[in-house]
A.B. asks: 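Once you've had a glance at the structure underneath, I'll fire off some questions.
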Amino acid sequence: MMQEYIFLLGKNRPLSVSEITMYYRHRNWNLDLTMISENAALVKSDNIPDANVLGGTIKIIKISEMFEKFDPYMIDVSKDVGRGGEKAVFGMSVYGKSKSWLMKNKNEIQILQKNIKDILKKEGLKSRFINFKGEVSPVHLSRKDIIDIVLFFRGDLLYVGSTCSFNNPLEFKKRDENKPVTVSTIGIPIRLAKIMLNLAGVKENTRIMDPFCGTGIILQEAVLMDASIIGSDIDSKMVLSTKRNLNWVIEEYGLKRYNFTDSLFVSDASEISGLIKEKVDAIVTEPYFGPALKKISSPKTAKHMLNKNIQLYDSIIKEFARVIKRDGYVCIVVPSYRTKTKNVHMNFRKIFTRHGFEEAKVREGLEQPFREEKKTLTREMFLLRKL
Ligand SMILES: C[S@@+](CC[C@H](N)C(=O)[O-])C[C@H]1O[C@@H](n2cnc3c(N)ncnc32)[C@H](O)[C@@H]1O
């Protein structure tokens with residue numbers, strides 16, 4: 001039987017599922033994915049990525065056993081979760097049960113933990129459990145060497161396993177806070193940049209372009225994936241910021257040195273094709289749309305903003321069609337405007353169809369655009385394939 005895993009997903013479930021789906025498809029890995037709760041997917045596959053390469057997965061749990069019901073005496077998880085050396089530190093995470101269930105079953109959890117310790121003791125191995133708080137967070141896992149035993153309830157059915165990979169939030173924080181140039185008003189979250197890159201199939205040696213590179217967050221994540229990057233921005237200060245940030249990432253992560261002279265330059269994205277000598281495999285970008293993403297008061301103002309953007313999007317998609325290979329993917333953020341009365345969108349489908357792109361079919365039931373809602377802004381994303 002194929003190994004089963006549970007992927008605990010980030011807040012944006014459709015985006016996380018799309019990312020996993022495309023990550024597997026771009027590698028021709030087999031994937032059988034079933035949603036088993038609001039925020040968890042059961043994955044059967046021969047291949048499993050490191051959760052750190054995904055932007056939308058928090059933990060990956062390797063399932064070792066399934067039970068019809070929870071019984072602390074029945075579960076001999078110790079044999080499955082590895083022994084963790086001479087003096088193992090265990091943690092326990094329970095998903096799919098309410099806080100009140102956890103309160104009511106505190107004793108049972110303790111019994112289960114004691115059973116595990118006793119079994120290990122008989123084998124001459126020392127172990128201890130950290131205080132049970134319902135869940136061992138990825139931050140906790142990043143800081144200490146803990147074996148995280150997971151009980152995942154799906155109704156009465158219980159999956160038992162252990163975390164085999166998790167998304168280390170401290171690394172994201174380090175990149176966000178320590179890189180030389182940050183412009184908070186234009187920066188895209190690292191998590192989202194990663195998701196976009198994975199949707200577009202960026203991996204080792206992919207030639208990927210971001211023609212609105214800003215401070216270079218998308219490119220920085222692409223460099224960490226060993227992709228070959230091309231970045232540009234209309235503003236020379238931004239190109240310089242990207243250069244500084246990329247050099248920092250390379251230094252910090254001990255990556256092979258790049259010479260950016262030919263791959264980072266100043267250009268208006270709507271004239272980029274003249275500067276691209278060799279076609280690219282993927283384009284991942286968050287263009288500039290001025291104050292567009294802020295909440296604006298009237299649908300009339302929104303329409304006015306949209307009309308300006310239609311021209312920009314039409315000219316850049318036309319340029320993208322010239323510089324991308326056939327079957328190459330574009331992952332792009334598109335403006336949408338929230339007004340007091342309604343949401344106003346541009347007819348982006350009309351634009352990309354005109355220039356020879358189609359919407360990538362990711363998965364039944366996951367319709368585009370993907371949306372990322374925040375208090376004051378909505379990001380809409382499209383994944384396109386060049387015909
Ligand atoms: C939303 S920011 C991109 C932010 C970037 N994703 C990051 O994480 O830093 C948009 C960038 O587009 C640039 N820009 C605006 N109009 C442009 C154009 N016509 N061509 C190229 N770049 C442009 C701006 O200078 C700005 O740096």
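Counting starts at 1 for both ligands and their atoms, in listed order.
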A.B. asks: Check whether the ring centres of Phe153 and Tyr95 lie less than 6.0 Å apart, and answer yes or no.
C.D. replies: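 So the answer is no for these two rings.
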A.B. asks: Does a side-chain heavy-atom distance below 4.5 Å link Phe382 with Arg349?
C.D. replies: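 Of all side-chain heavy-atom pairs linking Arg349 with Phe382, at least one is under 4.5 Å.
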A.B. asks: Check ligand 1 against Asp235 and write out every atom of the ligand that is under 4.0 Å from a heavy-atom position of the residue.
C.D. replies: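 The list of qualifying atoms is 25 (O).
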A.B. asks: Please list, one pair per line, the donor and acceptor atoms closer than 3.5 Å that link side chains of residues 190-200 to other protein atoms, with sequence neighbours excluded.
C.D. replies:
unit_1: Arg191; atom_1: NH2; unit_2: Glu372; atom_2: OE2; d: 2.4
unit_1: Lys194; atom_1: NZ; unit_2: Glu221; atom_2: OE1; d: 3.1
unit_1: Asn198; atom_1: ND2; unit_2: Glu19; atom_2: OE2; d: 2.7
unit_1: Asn198; atom_1: ND2; unit_2: Val53; atom_2: O; d: 2.9
unit_1: Asn198; atom_1: ND2; unit_2: Lys194; atom_2: O; d: 3.4

A.B. asks: Heavy atoms only, cut-off 4.0 Å: how does Met238 contact ligand 1, side chain, backbone, both, or neither?
C.D. replies: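 Side chain only.
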A.B. asks: Examine the proximity of ligand 1 to Ser270 and report which part, side chain or backbone, both or neither, has a heavy atom under 4.0 Å away.
C.D. replies: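 Near ligand 1, Ser270 shows nothing, with every heavy atom at 4.0 Å or more.
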A.B. asks: With heavy atoms only and a cut-off of under 4.0 Å, state how Ser267 meets ligand 1: side chain, backbone, both or neither.
C.D. replies: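 The part of Ser267 near ligand 1 is the backbone, not the side chain.
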A.B. asks: On the ring face of Tyr253, is Lys174 found with NZ or CZ under 6.0 Å from the centre and within 45° of the axis?
C.D. replies: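 Yes, cation above the ring, under 6.0 Å and within 45°.
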A.B. asks: Heavy-atom contacts with Pro287 under 4.0 Å: which atoms of ligand 1 show up? List them by number with element.
C.D. replies: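 Listed by number with element: 1 (C).
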A.B. asks: Counting only heavy atoms from other residues, nucleotides and ligands, does the tally under 6.0 Å from NZ of Lys62 exceed 12?
C.D. replies: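 Open: at most 12 neighbouring heavy atoms sit under 6.0 Å from NZ of Lys62.
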A.B. asks: Could you tell me which atoms of ligand 1, counted from 1 in the order shown, lie closer than 4.0 angstrom to a heavy atom of Pro211?
C.D. replies: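 Those qualifying, in numeric order: 21 (C), 22 (N).
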A.B. asks: If we only consider heavy atoms of Ser241, is any one of them less than 4.0 Å away from an atom in ligand 1?
C.D. replies: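 Distance cut 4.0 Å: Ser241 fails for ligand 1.
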A.B. asks: Heavy atoms only: which of Ser315, Ala193, Ala269 lies closest to atom 20 (N) of ligand 1?
C.D. replies: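 Among Ser315, Ala193, Ala269, the closest heavy atom to atom 20 (N) of ligand 1 comes from Ala269.
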A.B. asks: Tell me, which pairs form a salt bridge (charged side-chain N to carboxylate O under 4.0 Å, His left out) where one or both residues lie in residues 47-59, sequence neighbours left out?
C.D. replies: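 Counting only pairs at least two positions apart or across chains, the salt bridge (charged side-chain N to carboxylate O under 4.0 Å, His left out) contacts touching residues 47-59 are Lys59-Asp148.
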A.B. asks: Considering Asp210, Ile217, Asp233 one by one, which has a heavy atom nearer to atom 11 (C) of ligand 1 than any of the others?
C.D. replies: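 Of the listed residues, Asp233 has the closest heavy atom.
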A.B. asks: Side chain to side chain donor-acceptor pair (under 3.5 Å), that's the test. Do Asn168 and Ser142 meet it? Break it down for me.
C.D. replies: CA-CA 6 Å; Asn168 183 346; Ser142 317; 3.0 Å; yes
A.B. asks: Give the residue and atom name of whichever protein heavy atom lies nearest to atom 10 (C) of ligand 1, and the separation in Å to one decimal.
C.D. replies: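 In this structure, atom 10 (C) of ligand 1 has Tyr288 CB, 3.7 Å as its nearest protein heavy atom.
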